[in-house]
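This one's a predicted model, so the numbers in the text were calculated from it and none came from an experiment. FYI, side chains are in, hydrogens and waters are out, and symmetry mates aren't considered; it's all heavy atoms of this structure.
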Amino acid sequence: MISRLLFRRLTERHNAGTSVLGVRMRHTEDYHKNWEHKRHKHHVAATIVGAGAGVALWLGYNHQTGASSLPIEAEEDLEKYGAFRNGLPEYTLEDVSKHATMEDRIWVAYRRGVYDITDLIHKHPGGDKILMGAGGSVEPFWALYAVHKSAHVLEWFESYRIGNLAADDIGSSVRNMNDPYGNEPRRHIALKPSSKKPFNAEPPLSLLVDNLITPNGLFYVRNHLPVPEIDAANYELEICDEGAKKEKTLTLEDIKKYPKITITATIQCAGNRRSEMTKVKPVKGLSWGQAAIGNATWSGARLCDVLKDMGIEDGKTDALHVQFEGLDTDPANMPYGSSIPIEKALNPHGDVILAYEMNGEPIPRDHGYPLRVIVPGVVGARNVKWLGRIIVSKEESDAHWQQNDYKGFAPSVDWDTVDFKKSPAIQELPVISAICEPSEGEKVKVVNGKIKVKGYAWSGGGRKIIRVDVSGDGGKNWQAADVLESDGSRHPKAWGWTIWTAEVPVHGKESEVQLCAKAVDSQYNTQPENFENIWNLRGVLANAYHRVNVKKGK
């Protein structure tokens, strides 16, 4: 019932000529007034959905399987999905609306099709988004979760087809909708998208290591929803201490009054190098290459300073977590959310900052304008962009991305046996490296029996890279990289990456050689040898040796 009410409310807004959930998403007083109401609604909806959670986001993951990223299809290539099919019964939207509960079976509509997704809900874990369309059309939601529009997903969805939608009802749910992605920022032409709606992209590897600091325009982009449009002059950040029942609201100018701290920190997506893991066995997720990572300077106020002004200090609170909520919201008006342990948040040496500058400039829209939290040494998913709320709590964030995503599992766990409650959310990332030059399959000049190799290395938790081992014969023989370039920070505050260079011997008469790289951090952690032993169904934590096959030239 909650899902149907949400859907009807959204449909009424669409028919009134508004965009999906007002996806221009300006930060208004209503946003603040509805805080507790929306959080309560979220808990209720999550409880009702229960074990059926996550199909929409599961669909998003499922369309990116295989050893390489699936093509981003043109709209005309997808016209056959949801089209009229001979021999099927016809249903009206009123007929569909009578099937909005598990007892009545869950029906949804998409274009000309009607689908019974009851069995789908029981089979697959993840978020509860698709149930908001129960008894109605999924088109308004798929306009927002545009990753559904791939042949792989739609072909799978067609297997649940039971009928055709009546002609008079076709398109009624999206007739007056604006494109939720119609006001996205401009992006650098060099970025290579793995999905366009939402926009996710990485730079070419060869450009990635041109500079120790990644230029703003070439920093990888990871978005889960449309980029919100926020007026910095009207921006407000809400902070809540649940234990003390205190609340506080800060403007951007209030935050800028705190001492300005600048740190150099690498941010990496949990799925970086996922495309290599899929060569072992398909996984669900965007097929990132090796460049879903970047290194920048970030400036802002220390989170611990801001919390201290509310009386939240180490030893003076029984909270265990600090939750973050963004201003990017889903079709139920629920924000992207995540959380970190209280120990990281309150430690002045942990350097968690409320950042308003990136590389000395206001943070670009794609990267969180006007304010994002930077949690150095921690997975990108916790570095929440477009920060709208901070909640100091005994509980972890209940957001999908904290509870049912960004977790690691044993290679034996599959989508039929996975239990997200049994694994902790990823925080600090393991040591990783990648060869950026030369590229896979490139013909490389051999000079004095050596090939020049260049790449990056990084470790989470403030651990410094102390060595990068490089091999020119597939890992049989190794030598240390000749040059390690970093910002000079020491363990345990080495938040930024290291750019390394090596001259690697390539002996023998073979025309092709395999280059390998593995990094060692200041606690002597190193990378695993292969992906078979670390494969997991979400393709995260992909940090095995990086291997590049090249051809020898003269």
Could you tell me whether [X] and [Y] have a side-chain N and a carboxylate O separated by less than 4.0 Å?
X	Y	result
E276	R273	yes
E184	R365	no
D328	K385	no
E325	R389	yes
D254	K256	no

What about W478 and Y545, are their ring centers closer than 6.0 Å?
->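 When the ring centroids of W478 and Y545 are compared, they turn out to be within the sub-6.0 Å range.
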Considering residues, nucleotides and ligands other than K452, do more than 12 of their heavy atoms fall under 6.0 Å from its NZ?
->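 No.
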Is the number of heavy atoms from other residues, nucleotides or ligands under 6.0 Å of K308 NZ greater than 12?
->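 Incorrect, the count does not exceed 12.
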Classify the angle between the aromatic ring planes of W401 and Y336 as parallel (below 30°), tilted (30 to 60°) or perpendicular (above 60°).
->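 Ring orientation, 0 to 90° scale: tilted.
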Reference residue V513; test side chain to side chain contact (heavy atoms under 4.5 Å, CB included); the match among I451, V504, N549, V446 |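 Answer after filtering I451, V504, N549, V446: I451.
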N543 and Q527 side chains, donor-acceptor separation under 3.5 Å |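 Result is no, nothing qualifies.
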Who passes side chain to side chain donor-acceptor pair (under 3.5 Å) against S459, sequence neighbours left out?
->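 Checked S459 against side chain to side chain donor-acceptor pair (under 3.5 Å); matches are R463, D521.
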Donor-acceptor contact below 3.5 Å, side chain H321 vs main chain Q323 |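 No; zero donor-acceptor contacts below 3.5 Å.
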Worked verdict on H546 versus Q290 for side chain to side chain contact (heavy atoms under 4.5 Å, CB included) | CA-CA 9 Å; H546 189 212; Q290 296 81 31; 3.7 Å; yes
